[in-house]
**Q** 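If you scroll down you'll find the structure; I have some questions about it.
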Amino acid sequence: MDGLLIVNKEAGFTSFDVIAKLRSMLGTRRIGHLGTLDPEAEGVLPIVLGNATKLASLLSDGDKVYEATLRLGITTDTQDTTGHMIRRCENIPEEAEIRACIDSFLGTQEQLPPMVSAKKVGGKKLVDLARKGIEVERKAALITIYSLNVKDFQPPLIRLQVRCSKGTYIRTLCHDIGEKLGCGAAMESLVRQEASGFTLADSLRLDEIDALYLSGKLEERILSTDTLLSAYPSFICHPEADRAAQNGNMLRPEAGMVKGTTDSRLFRVYTSGGACIGLYEKREEKGVLAPYIMLPASAEEHAKPRRGSVISIGKFDGLHVGHQAIVRKMLEIAERDALRPLLFSFTTAPEVLTRGRAESMLMTASEKRQMAQELGIRGVREVRFTEEIRNMTAFDFLSRVLIDKLGMKQIVVGPDCAFGYGREGNIDFLLRYAERFGYGVTVVDKVHLGGEIVSSTRIKKLISEGDLEQANACLGRPYSFEGRVSYGNHLGNKLGYPTVNLRLPAPKCLPPFGVYASRTWIDDKPYDGMSDLGIKPSVSAGSVQHPALETNLFAEFTEPLYGRSVRTELLAFIRHEKRFSSLEDLQNQLKRDKENVQEVLLQDQFDMR
């Protein structure tokens with residue numbers, strides 16, 4: 001598998017995470033990328049495969065296009081909002097001054113690389129030194145900002161589109177704009193829209209790549225090495241020069257024929273039979289073409305698992321107590337038969353295609369991966385439910401996907417298991433082909449609580465009705481939200497109830513808006529508190545906002561938590577969200593809420609750790 005794949009990296013993955021996932025997914029080791037992208041950034045990450053890895057340095061020199069949101073009024077130690085706040089400023093300049101300042105960064109200039117970058121100094125990555133609290137002297141690099149457009153202006157947030165040269169750090173650009181304005185600034189979000197001519201419109205998310213791979217369609221989306229080098233003229237060898245070219249010898253002009261301009265420095269060299277050998281460089285002084293980048297044919301690589309797998313198929317939304325029974329059986333079989341446990345899950349529910357609608361979810365993809373690891377499952381295969389997957393027969397899915405590509409030796413399922421077109425792949429189907437393909441089938445009974453079957457649908461209904469006690473019992477843990485602490489309007493600080501603010505992901509199932517007794521985990525330590533879930537009407541009507549979760553922690557923190565990863569568990573409902581006529585009324589209500597929450601948290605039933 002040779003060529004280039006344009007990946008749309010999701011937030012939360014490092015560039016190396018993407019490489020590791022693709023290696024596991026595609027069963028190939030020769031994979032690289034054309035320039036790192038910050039873990040919390042999203043967007044274009046070009047990935048080179050097979051012999052195309054030799055072209056990485058050649059292909060990575062192009063310009064980049066980013067869309068970034070900067071937040072004025074803060075300065076952090078990482079130059080983005082995930083870092084610790086160093087300084088805060090309430091005096092934001094006027095719009096005209098801000099726009100003039102932004103425009104002043106157009107053109108060629110020197111930029112000092114941030115400490116939280118992958119750039120190496122003395123053989124060590126700056127980010128690794130920064131994690132140890134070490135700051136070293138860096139040399140400024142020459143970069144060019146070709147265009148810098150304001151796409152949305154709503155201070156303190158400003159959304160920018162930047163076209164720049166290779167080696168430009170957008171977080172540093174945001175920081176420098178803030179320094180020049182005198183109020184400070186930090187990067188809040190970043191999306192790379194283009195890299196070296198490869199665009200977001202042509203990119204694929206990891207779950208899409210996996211779906212294409214499993215359905216045998218991925219090759220159609222890989223740009224061949226020949227396509228990647230199409231800008232260079234070609235040199236086609238005469239038959240007698242084939243061996244010399246393949247051995248990497250220098251070639252004289254009479255050894256072949258040029259197609260395209262002869263003025264180029266680099267040429268694609270082909271055998272007489274049309275096989276691309278690589279790039280050759282014109283050596284004017286010797287009158288020859290010399291090897292520049294050789295592209296030997298890759299040895300055939302097959303995506304074979306290192307060992308057989310024990311697999312379960314399903315959405316696994318919530319990984320509730322019913323799912324956990326399946327996981328326990330998988331781990332038991334994995335240990336007995338020395339197999340690799342693997343959950344096969346769809347990132348988009350089949351209902352999106354079959355019924356044309358998306359349902360709320362109990363878990364985000366990242367929460368599912370984390371929870372699976374906590375349960376002992378390291379392998380989670382997350383696949384986009386595409387038309388190709390939907391139309392695959394149960395037999396093809398069993399033979400081509402589960403057996404050939406995932407190495408299934410055992411399958412553990414619930415009694416309502418169904419896969420393949422028309423949901424043909426049920427228990428009877430699996431048993432019918434078990435001997436032919438040499439796998440075992442284990443069926444785990446449904447789990448009942450309160451006289452009813454535990455299911456994701458039941459749990460979502462309980463949550464939407466506000467019955468957290470029953471919902472949490474079915475989940476086997478408190479329902480929670482996780483993410484990075486974001487910046488709010490600081491009303492809580494003014495009222496004496498500072499809050500940890502989380503933006504809620506759109507697909508998450510939400511309980512009724514209101515105040516809850518909660519527990520927030522920070523660095524694996526639990527902190528009791530009270531949380532407000534909703535659109536924060538407070539003391540003014542305003543416009544409907546995206547729901548958020550604001551938590552007042554009862555423990556005091558000496559440093560800000562902005563940018564830290566936290567998980568907040570909702571334990572009990574206290575009251576519905578409402579609007580107040582004054583800040584004093586709100587403050588009095590918060591005092592009563594805290595007293596009620598503290599009384600509720602004294603109950604032993606909330607110790608589910």
Side-chain angles (χ1 to χ4, degrees), residues 6-11 15 33-46 59-76 78-83 92-93 95-119 126-127 138 140-203 487:
I6 309 171
V7 174
N8 181 358
K9 190 187 85 66
E10 301 163 57
S15 300
H33 59 70
L34 305 186
T36 58
L37 196 54
D38 289 344
E40 293 308 310
E42 303 176 60
V44 174
L45 182 66
L59 298 172
S60 60
D61 285 337
D63 299 340
K64 310 288 194 297
V65 178
Y66 296 94
E67 185 170 278
T69 299
L70 69 83
R71 177 177 285 274
L72 295 170
I74 60 169
T75 303
T76 73
T78 59
Q79 300 181 349
D80 68 0
T81 56
T82 68
I92 306 298
E95 180 175 351
E97 183 181 351
I98 294 172
R99 289 182 178 273
C101 177
I102 291 171
D103 289 343
S104 71
F105 282 85
L106 282 166
T108 301
Q109 60 209 267
E110 288 190 333
Q111 187 185 69
L112 188 67
M115 279 301 301
V116 285
S117 70
K119 189 176 182 66
L126 289 175
V127 65
R138 291 99 69 200
L142 206 61
I143 57 110
T144 302
I145 306 293
Y146 299 106
S147 65
L148 186 52
N149 301 315
V150 176
K151 307 297 288 185
D152 191 29
F153 191 89
Q154 296 186 44
L157 298 178
I158 300 173
R159 185 159 53 90
L160 303 171
Q161 186 180 61
V162 187
R163 178 176 288 275
C164 56
S165 62
K166 175 186 176 183
T168 303
Y169 292 95
I170 304 301
R171 67 172 66 220
T172 300
L173 173 64
C174 293
H175 170 82
D176 291 347
I177 289 172
E179 289 298 294
K180 190 168 184 178
L181 285 170
C183 63
M187 185 181 75
E188 179 142 303
S189 65
L190 183 68
V191 177
R192 185 152 68 188
Q193 298 177 320
E194 184 179 324
S196 300
F198 305 111
T199 66
L200 197 58
D202 296 323
S203 66
Y487 290 82

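Any value given below was found using the heavy atoms of this structure, including those in side chains, with hydrogens, waters and symmetry copies removed.
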**Q** If I take atom CD1 from residue I102 and atom CD1 from residue I145, how far apart are they, to the nearest 0.5 angstrom?
**A** 12.0 Å
**Q** Let me see the working for E179 and H175 under side chain to side chain contact (heavy atoms under 4.5 Å, CB included), right down to the final yes or no.
**A** CA-CA 6 Å; E179 289 298 294; H175 170 82; 3.5 Å; yes
**Q** Using side-chain heavy atoms (C-beta onward) and a distance below 4.5 Å, is Y66 in contact with Q193?
**A** no
**Q** Are E10 and N8 close enough, and set up right, to give a side chain to side chain donor-acceptor pair (under 3.5 Å), and what steps lead you there?
**A** CA-CA 6 Å; E10 301 163 57; N8 181 358; over 6 Å; no
**Q** First locate atom OG1 of T81, then atom CD of E188, and finally report the distance between them rounded to the nearest 0.5 Å.
**A** 4.5 Å
**Q** Please check this pair: side chain of D38 against backbone of E40, looking for a donor-acceptor N/O pair closer than 3.5 Å.
**A** no
**Q** What pair of heavy atoms forms the shortest contact from C183 to L72, and how long is it?
**A** SG-CD2, 4.1 Å
**Q** So, do D152 and I158 sit near enough that their side-chain heavy atoms are less than 4.5 Å apart?
**A** no
**Q** Below 4.5 Å, heavy atoms only, C-beta onward: do V162 and V65 meet side chain to side chain?
**A** no
**Q** Is there a side-chain contact between I170 and C164, using heavy atoms and a 4.5 Å cut-off?
**A** yes
**Q** Mind checking whether T108 and I143 have side chains closer than 4.5 Å, heavy atoms only?
**A** no
**Q** Between R159 and E67, does any NZ, NE, NH1 or NH2 come within less than 4.0 Å of an OD or OE carboxylate oxygen?
**A** yes
**Q** What's the shortest heavy-atom distance between L148 and F105, and which atoms?
**A** CD2-CB, 4.0 Å
**Q** Using the side chain to side chain contact (heavy atoms under 4.5 Å, CB included) rule, take E42 and L190 through it: C-alpha gap first, then chi angles, then the decisive distance, then the call.
**A** CA-CA 6 Å; E42 303 176 60; L190 183 68; over 6 Å; no
**Q** Please determine whether side chain to side chain contact (heavy atoms under 4.5 Å, CB included) holds for the pair L45 and I6, giving the CA-CA distance in whole Å, both sets of side-chain angles, and the decisive distance to 0.1 Å.
**A** CA-CA 6 Å; L45 182 66; I6 309 171; over 6 Å; no
**Q** Check this for me: does any side-chain nitrogen of one of R163 and E194 sit under 4.0 Å from a carboxylate oxygen of the other?
**A** yes
**Q** Distance-only, no hydrogens or angles: does the S165 side chain make a donor-acceptor pair with backbone N or O of T144 under 3.5 Å?
**A** yes
**Q** Give the minimum heavy-atom separation between T172 and P114, together with the two atoms involved.
**A** OG1-CD, 3.3 Å
**Q** Looking only at heavy atoms, what is the nearest atom pair of R192 and P46, with distance?
**A** NH2-CD, 4.4 Å
**Q** Taking atom CD of Q79 and atom CG of L173, what is their separation to the nearest 0.5 Å?
**A** 10.0 Å
**Q** Rounded to the nearest 0.5 Å, what separation is found between the CG atom of L70 and the CD1 atom of I177?
**A** 5.5 Å
**Q** Search all heavy atoms of K166 against all heavy atoms of S60 and return the closest pair with its distance.
**A** CD-O, 3.3 Å
**Q** For V44 and T199: C-alpha separation, side-chain torsions, deciding distance, then whether side chain to side chain contact (heavy atoms under 4.5 Å, CB included) applies.
**A** CA-CA 7 Å; V44 174; T199 66; 5.5 Å; no
**Q** Is there a donor-acceptor pair under 3.5 Å between the side chain of S196 and the backbone N or O of L59?
**A** yes
**Q** Just how far is it from atom OG of S104 to atom NZ of K180, taken to the nearest 0.5 Å?
**A** 3.0 Å
**Q** Check whether NZ of the Lys or CZ of the Arg K64 lies under 6.0 Å from the centre of the six-membered ring of Y146 and within 45 degrees of that ring's axis.
**A** no
**Q** Kindly say whether L112 contributes a backbone atom to a donor-acceptor pair with the side chain of R138 at under 3.5 angstrom?
**A** no
**Q** Keeping S15 on the side-chain end and T36 on the backbone end, is there a donor-acceptor pair under 3.5 Å?
**A** no
**Q** Is the Lys NZ or Arg CZ of R99 less than 6.0 Å from the centre of F153's six-membered ring, within 45° of the axis?
**A** yes
**Q** Between K9 and P39, which heavy-atom pair has the shortest distance, and what is it?
**A** NZ-O, 3.0 Å
